[in-house]
Amino acid sequence: MESEDVEARCRDIDAHRRILGASLKRYGADRWGKDFLRANDDGHLEFLAPGRDPVDLERLAQQLDRRGIQTPFVIRFPEMVEQQMESLHGAFETAAAENGFKGGHIGLFPLKVNQRRSVVDAVLSAGDPRHHGLEAGSKPELLLAMAQAVRPNVPLVCNGFKDREFMRMAFHAAELGHEVVIVLESVREVRRFLEVRAEMPWLACPRLGMRAKLYSRGSGKWQSSGGETAKFGLSTNEMLEVERTLASHDLRDLLVLIHFHIGSQITQIRRIKDAVREGVQLWASLRARVSSLRYLDLGGGVGVDYDGSRTSYPSSANYSLEEYASQVVYELMQLAKETELPHPTLLTESGRVLVANHAVVVADMREVQGELLPIPDPCSEEHRLITQLRETASHISVKNLEEYFHDAIDFRDEALQLFSRGYLSLEDRASAEALFGQIRERCKSLLRQFRHPPEEIVEYLARAQSKYLVNFSIFQSLPDTWSVDQVFPVAPLSRHGDRPNVNARLVDITCDSDGCVSTFAHPDENLPCLPLIRRERGDAKYYLGFFMVGAYQDSLGNRHNLFGRCHEVVVRKRSSDPVVTGSEMFELEDVVVEVKRGVTNLDMLESMDWDGEGMTSLIRERHLDHETTLGENWALGLLQGYPYLSYRRAGQ
């Protein structure tokens, strides 16, 4: 009897695990999240950061809620960045060993991808400091980079357009001990460099590089940022002019680097091969003229597999880090054998692939928009169309689905036309809408009984999904979703043991019709809606995770409707040093959780030039002659509140 009980329990466990596995597959998380995500026996998603136990994301969200940290917030796992940095360098070491490459590799992190301190600290603490460094493209980024510890023989590369002050900053950074390389973007910049060099007796001088404008282009959303019409880069004639200009000042030996970049999120490895072949040939041709050249900077663009499909689709990439490194080194070695030139040190500026998967935005679902309400009882005065819709709702079945569904559409459309002409009452219009909604829900249920459901009805119903209100701003937390239709993976943090009962689009809390997510990453085919559990009144909070948002979203997020920076939550090992200034800390099992609270309403008003003290005075003045229910102190307290939706708590 006891053995039978054990066998039954084992069968139950196996069945439960199959359900959890099916749920991960439903969201594609078994593919896009296979390296960092799993579901535990409670049906919660766990984040698998390297070097420590899994973190239950649902439990972490609940702990934060108990401490008054309301959604939205972004959770960061710095160890993911360190792992990616080491994986990239390891891929190049393996490729070098297989192909006899002697030049070495240094991974530079482009600060534009994410300037958050927790991210930059993770980059700089990854592995051997001889293998990693920074790239700066603006004055604030260069200030950030020059403030870091000097890394001998690791270049600090300066990209972007540069005025004289930027050039002076580069000279100053060189005097501080950094190996600064100014990448020239135009012929005027070399003249500007020479003018700044002659201004004063500098104690150290930066080295120079040239950004080449290749004819090869990337693939995906950003392919236009490469090729002959690219914003950045020197033509062949311009590079030769830079060489001649430096030679005329006896400074040609300052040239140490050739750089190229063919676009971000490159989806096809073939495009990378073509660009590397062209770039290596260019480097070799210039190296024959300029013996001081020692760096070949491949730029960035390594793609992130957001949807888990490992294809050339815009939200994916059809290669791995290992395949990328192998192709780069192979193409370089083919030319090296022909020319017998020394092997360059390879630099990469791949930022997206290093930091994308370290961050998760968490927000809670609030309510269904367009929720079905009770339908008024029939009355003798209602219009015949309403009666016909009632009969359709009562008698629709598998056998008459197509006929009755089309009838329902006709009845609904005719009712709306009659209302517009003044022949239908407001009550009848409301009944028509409610009855049609009921018929639509009934059709969804009936379609499950079809082996081959009618395509026309399936497509119609797919366009009429439920909309769930989610407590966040797309423009702040997922700006690429709005601006370039970037697709991110999304999944609930809990209830993976339950079967979803609603397919929904997600809408944010901004007053903007563009504030919605209607495409969700999936390896088979991106989803037009997200399978979810319908949240009923009184249910526990239902948290959603927006994954792989660690690249660009922080720096591109905007303040639409004055929804600003969210709470920052950094999950780190106990042995690690604090990484967020002014943070609160608590322990959760074997990790330390740091929390830096997000902006207040007052912060957002001040960001738009409103004076905080002035606002306080204005609010107090308004209360001098008016009695209010909640009082002046309550109104003043709102200035320190979180701009996002709050919860109704006990006693409030």
Side-chain angles (χ1 to χ4, degrees), residues 364-398 400-447 454 456-471 473-474 501-518 528-530 532-539 542 560-561 629 644-648:
D364 69 301
M365 292 190 353
R366 289 304 178 104
E367 58 193 52
V368 178
Q369 292 190 325
E371 190 173 1
L372 292 177
L373 298 174
I375 300 169
D377 294 330
C379 63
S380 57
E381 292 84 13
E382 76 178 11
H383 196 277
R384 61 169 180 83
L385 289 172
I386 309 305
T387 303
Q388 289 172 316
L389 279 168
R390 289 187 191 278
E391 292 174 354
T392 303
S394 298
H395 297 101
I396 192 168
S397 66
V398 171
N400 60 26
L401 177 64
E402 290 188 74
E403 176 189 355
Y404 274 42
F405 186 70
H406 286 105
D407 287 346
I409 293 175
D410 291 341
F411 296 150
R412 191 275 311 266
D413 290 348
E414 187 178 352
L416 295 177
Q417 290 172 7
L418 288 175
F419 177 81
S420 297
R421 295 170 187 164
Y423 297 122
L424 196 74
S425 69
L426 184 63
E427 289 76 13
D428 279 347
R429 174 180 167 132
S431 294
E433 291 176 353
L435 285 164
F436 186 77
Q438 187 183 75
I439 292 167
R440 194 169 55 206
E441 292 300 310
R442 175 65 175 152
C443 287
K444 290 179 184 178
S445 177
L446 292 173
L447 283 177
E456 184 181 2
I457 297 179
V458 171
E459 292 175 2
Y460 186 96
L461 295 176
R463 295 194 299 269
Q465 303 297 338
S466 299
K467 297 181 182 67
Y468 254 119
L469 182 69
V470 182
N471 188 24
S473 164
I474 285 172
N501 54 15
V502 61
N503 291 319
R505 296 170 63 200
L506 306 180
V507 297
D508 72 0
I509 61 173
T510 65
C511 297
D512 196 306
S513 57
D514 284 339
C516 60
V517 184
S518 54
C529 53
L530 198 66
L532 297 169
I533 308 295
R534 186 179 294 277
R535 186 170 181 267
E536 305 294 346
R537 186 181 297 274
D539 284 353
Y542 193 25
H560 193 18
N561 268 160
T629 303
Y644 298 88
L645 301 183
S646 58
Y647 301 120
R648 181 182 178 185

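For Asn561, there are no side-chain hydrogen bond (donor to acceptor under 3.5 Å, both in side chains) partners at least two apart in sequence or on another chain. Partners of His383 according to the ring-ring contact (aromatic ring centres under 6.0 Å, His included) rule, which considers only residues two or more places apart in sequence or in another chain, do not exist here. Partners of Arg442 according to the salt bridge (charged side-chain N to carboxylate O under 4.0 Å, His left out) rule, which considers only residues two or more places apart in sequence or in another chain, do not exist here. Residues satisfying the side-chain hydrogen bond (donor to acceptor under 3.5 Å, both in side chains) criterion with Glu456, sequence neighbours excluded, are His406. Listed by chain and number, the residues in a side-chain hydrogen bond (donor to acceptor under 3.5 Å, both in side chains) with Glu414 are Arg384 (sequence neighbours excluded). With sequence neighbours excluded, the residues forming a side-chain hydrogen bond (donor to acceptor under 3.5 Å, both in side chains) with Ser397 are Asn400, listed by chain and number.
Proximity of Ile396 to Cys443: side-chain heavy atoms (C-beta onward) are separated by under 4.5 Å at one or more points. With a 4.5 Å cut-off on side-chain heavy atoms, Val470 and Val507 do not count as touching. Proximity of Glu367 to Tyr468: side-chain heavy atoms (C-beta onward) are nowhere separated by under 4.5 Å. Pro454 places a side-chain heavy atom less than 4.5 Å from the side chain of Leu447. Looking only at side-chain heavy atoms (C-beta outward), Arg390 and Leu435 come within less than 4.5 Å of each other. Residues Leu645 and Arg366 meet the side-chain proximity criterion, which asks for heavy atoms closer than 4.5 Å. Residues Leu530 and Asn503 have side chains not in contact (no heavy-atom distance under 4.5 Å, counting atoms from C-beta outward). Residues Leu389 and Asp407 have side chains not in contact (no heavy-atom distance under 4.5 Å, counting atoms from C-beta outward).
If you check the side chains of Asp508 and Thr510, you find a donor sitting under 3.5 Å from an acceptor. A side-chain donor from one of Thr387 and Glu382 sits under 3.5 Å from a side-chain acceptor of the other.
Note that OG of Ser646 is 8.5 Å distant from CG of Asn471, once rounded to the nearest 0.5 Å. Rounded to the nearest 0.5 Å, atoms NE2 (His560) and SG (Cys511) are 8.0 Å apart. In this structure, the separation between CG on Leu385 and OH on Tyr423 is 14.5 Å, given to the nearest 0.5 Å.
A donor-acceptor pair under 3.5 Å is formed between the side chain of Asn501 and the backbone N or O of Arg534. Put simply, the side chain of Ser445 never gets that close to the backbone of Glu441: no donor and acceptor are under 3.5 Å apart.
Between Tyr460 and Phe405, the gap from one ring centroid to the other is short of 6.0 Å.
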Q. What's the verdict on side-chain contact (heavy atoms from CB on, under 4.5 Å) for Phe419 and Asp428, showing C-alpha distance, side-chain angles and the deciding distance?
A. CA-CA 9 Å; Phe419 177 81; Asp428 279 347; over 6 Å; no
Q: Go through the steps to decide whether Ile457 and Ile409 satisfy the test side-chain contact (heavy atoms from CB on, under 4.5 Å), and finish with yes or no.
A: CA-CA 11 Å; Ile457 297 179; Ile409 293 175; over 6 Å; no
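Relative to the ring axis of Tyr542, Arg535 does not place its NZ or CZ within 45° and under 6.0 Å from the centre.
Between Arg412 and Asp410, none of the side-chain N atoms (NZ, or NE/NH1/NH2) sits under 4.0 Å from a carboxylate O, so this pair counts as no salt bridge.
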